[in-house]
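Reviewing the structure listed below.
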Amino acid sequence: MLNQNFFNQPTLKVAQDLLGCFIIRKVGRKIIRAKIVETEAYNGPRDLASHASRGRTARNAVMFGPAGMIYVYFTYGLHFMLNIVTGKTGYPAAVLIRALEPVEAINHKSKIINLKFNGPARLTKTLAINKTFNHLPIFTRKHGLWLEKPTRQLQPKQIIRAKRIGVDYAGAYKDKKWRYYLKDNNFVSKK
DNA sequence: CAAGAGATCATCT
DNA sequence: GATGATCTCTTGA
């Protein structure tokens with residue numbers, strides 16, 4: 001399992017290192033396991049695309065806190081977004097999980113189900129993640145949501161850097177290549 | 001296909 | 001009172 005130290009590093013590094021990691025969601029006896037294939041970094045108080053760019057508020061407070069905490073927010077009146085807080089306490093930053101590749105989904109009858117994970121709002125819906133996860137740690141199995149290391153180390157060539165999605169309002173920060181995804185992966189949210 | 005609109009509400013001004 | 005780290009559906013070529 002990924003521990004808190006993993007997240008207590010520069011945001012751009014964590015966003016890349018999360019690629020290939022597995023996310024595990026346990027609800028009762030049902031376990032869903034999927035591979036992270038796309039992330040975006042929201043990095044620091046000056047990043048105009050970040051919720052933290054206009055200072056600390058009730059919503060974004062968790063981004064200012066210790067690494068490894070879950071930041072879930074509600075947007076467009078119907079979607080939840082899943083982020084993991086990174087970096088030092090006091091430095092507001094987080095990584096948005098944008099897409100997952102299905103690995104296995106096992107219910108109590110051991111049946112494999114088709115699941116939709118290609119998009120930040122779709123994956124939270126599929127994993128039944130909502131605001132109750134906000135401010136909980138991801139470095140414990142206690143809440144039924146945690147991360148595990150990749151089975152194999154990724155080659156740097158497998159990682160694509162790109163502009164972030166949906167942040168055209170972010171001035172000088174809208175073109176930062178802080179979105180990362182696995183090359184040729186069919187499950188990323190956009191090409 | 002691509003483009004546009006609507007959904008729908010917490011959050012911030 | 002406006003808007004958004006999105007998604008789905010509809011329209012039209």
Side-chain angles (χ1 to χ4, degrees), chain A residues 7 9-19 21 23 25 32 34-87 91-102 113-136 138 145 147 159-182 185-191:
Chain A
F7 303 98
Q9 301 186 81
T11 307
L12 302 185
K13 173 169 169 53
V14 176
Q16 292 171 77
D17 289 352
L18 277 173
L19 294 177
C21 291
I23 187 166
R25 176 78 171 106
I32 299 176
K35 185 162 81 174
I36 297 174
V37 299
E38 181 182 352
T39 62
E40 273 179 10
Y42 288 84
N43 184 16
R46 310 179 72 97
D47 179 0
L48 292 173
S50 169
H51 292 164
S53 67
R54 275 174 286 197
R56 185 181 182 130
T57 65
R59 176 173 66 163
N60 66 26
V62 65
M63 293 182 77
F64 290 77
M69 296 300 171
I70 298 168
Y71 173 37
V72 173
Y73 68 91
F74 184 67
T75 192
Y76 293 107
L78 64 164
H79 298 308
F80 292 105
M81 301 288 183
L82 172 65
N83 303 255
I84 317 295
V85 175
T86 59
Y91 183 82
V95 174
L96 171 69
I97 310 297
R98 283 195 59 91
L100 307 173
E101 176 183 328
I113 313 163
N114 274 337
L115 298 171
K116 289 200 168 185
F117 289 128
N118 53 329
R122 275 202 205 94
L123 69 91
T124 55
K125 189 177 178 192
T126 302
L127 294 177
I129 291 170
N130 55 37
K131 263 191 96 170
T132 63
F133 283 89
N134 196 32
H135 223 298
L136 295 178
I138 195 134
L145 180 67
L147 300 169
I159 298 177
I160 308 292
R161 298 175 58 202
K163 292 178 193 176
R164 294 176 292 180
I165 303 291
V167 297
D168 286 346
Y169 57 84
Y173 283 80
K174 75 181 175 69
D175 294 327
K176 295 280 184 190
K177 293 190 169 179
W178 289 349
R179 170 173 173 245
Y180 304 93
Y181 61 89
L182 292 183
N185 188 282
N186 291 323
F187 297 92
V188 302
S189 65
K190 300 189 176 176
K191 290 167 191 171

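Everything numeric here is computed off the predicted structure, so don't read it as measured data. A, B, ... follow the sequence lines: proteins, then strands. Residue 1 opens every chain.
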(request) Examine distances only and state if a side-chain atom of A/N60 and a backbone atom of A/G55 form a donor-acceptor pair shorter than 3.5 Å. (result) yes
(message) Quick test of your reading of the model: are A/E40 and A/R164 salt-bridged, counting only N-O distances below 4.0 Å?
(response) no
(request) Check for a donor-acceptor pair, side chain of A/T126 on one end and backbone N or O of A/K116 on the other, with a separation under 3.5 Å. (result) yes
(request) Mind checking the CG-CG spacing from A/N134 to A/N83? Nearest 0.5 Å is all I need. (result) 9.5 Å
(message) Under 4.0 Å, heavy atoms only, any strand: does A/F74 hit a base, just the sugar-phosphate, or nothing?
(response) sugar-phosphate
(request) Could you tell me whether A/R59 contacts a base, only the sugar-phosphate backbone, or nothing, with contacts defined as non-hydrogen atoms closer than 4.0 Å? (result) sugar-phosphate
(request) Grab the stems for DNA chain C, please: at least three consecutive Watson-Crick or wobble pairs, both distances below 3.5 Å, written as range with range. (result) B:1-7 with C:6-12, B:9-12 with C:1-4
(request) Check whether any side-chain N or O of A/E38 sits under 3.5 Å from a backbone N or O of A/S189 as a donor-acceptor pair, and report yes or no. (result) yes
(message) Strictly below 4.0 Å: does A/K131 bring a side-chain N or O up to OP1 or OP2 of B/dC9?
(response) no
(request) Could you tell me the separation between the CZ atom of A/F80 and the P atom of B/dC9, rounded to a whole number of Å? (result) 11 Å
(request) Name the orientation class of the two ring planes belonging to A/Y71 and A/Y73 (parallel below 30°, tilted from 30 to 60°, perpendicular beyond 60°). (result) tilted
(request) Quick one: label A/K125 by what it contacts on the DNA or RNA (base, sugar-phosphate, nothing), any heavy atom closer than 4.0 Å. (result) nothing
(request) Looking at every strand, decide which applies to A/A49 at a 4.0 Å heavy-atom threshold: base, sugar-phosphate, or nothing. (result) base
(message) Rounding to an integer number of Å, can you tell me how far A/M81 CE sits from B/dC9 P?
(response) 16 Å
(request) With A/Y42 as reference, evaluate A/V167, A/V95, A/T11 under the side-chain contact (heavy atoms from CB on, under 4.5 Å) test and give the passing residue. (result) A/V167
(request) With DNA chain B as reference, determine whether A/Y76 or A/A58 sits nearer its 5' end, using the nearest nucleotide of each. (result) A/Y76
(message) Taking any atom closer than 4.0 angstrom to a non-hydrogen atom of chain A, what span of DNA chain C does the protein reach, first nucleotide to last?
(response) C/dG4 to C/dT8
(message) Do A/I23 and A/L82 have side chains that approach each other closer than 4.5 Å (heavy atoms only, starting at C-beta)?
(response) yes
(message) Keeping A/N118 on the side-chain end and A/F187 on the backbone end, is there a donor-acceptor pair under 3.5 Å?
(response) no
Identify all pairs in which a protein N or O lies below 3.5 Å from an N or O of nucleotides 2-6 of chain B, and state each distance.
none

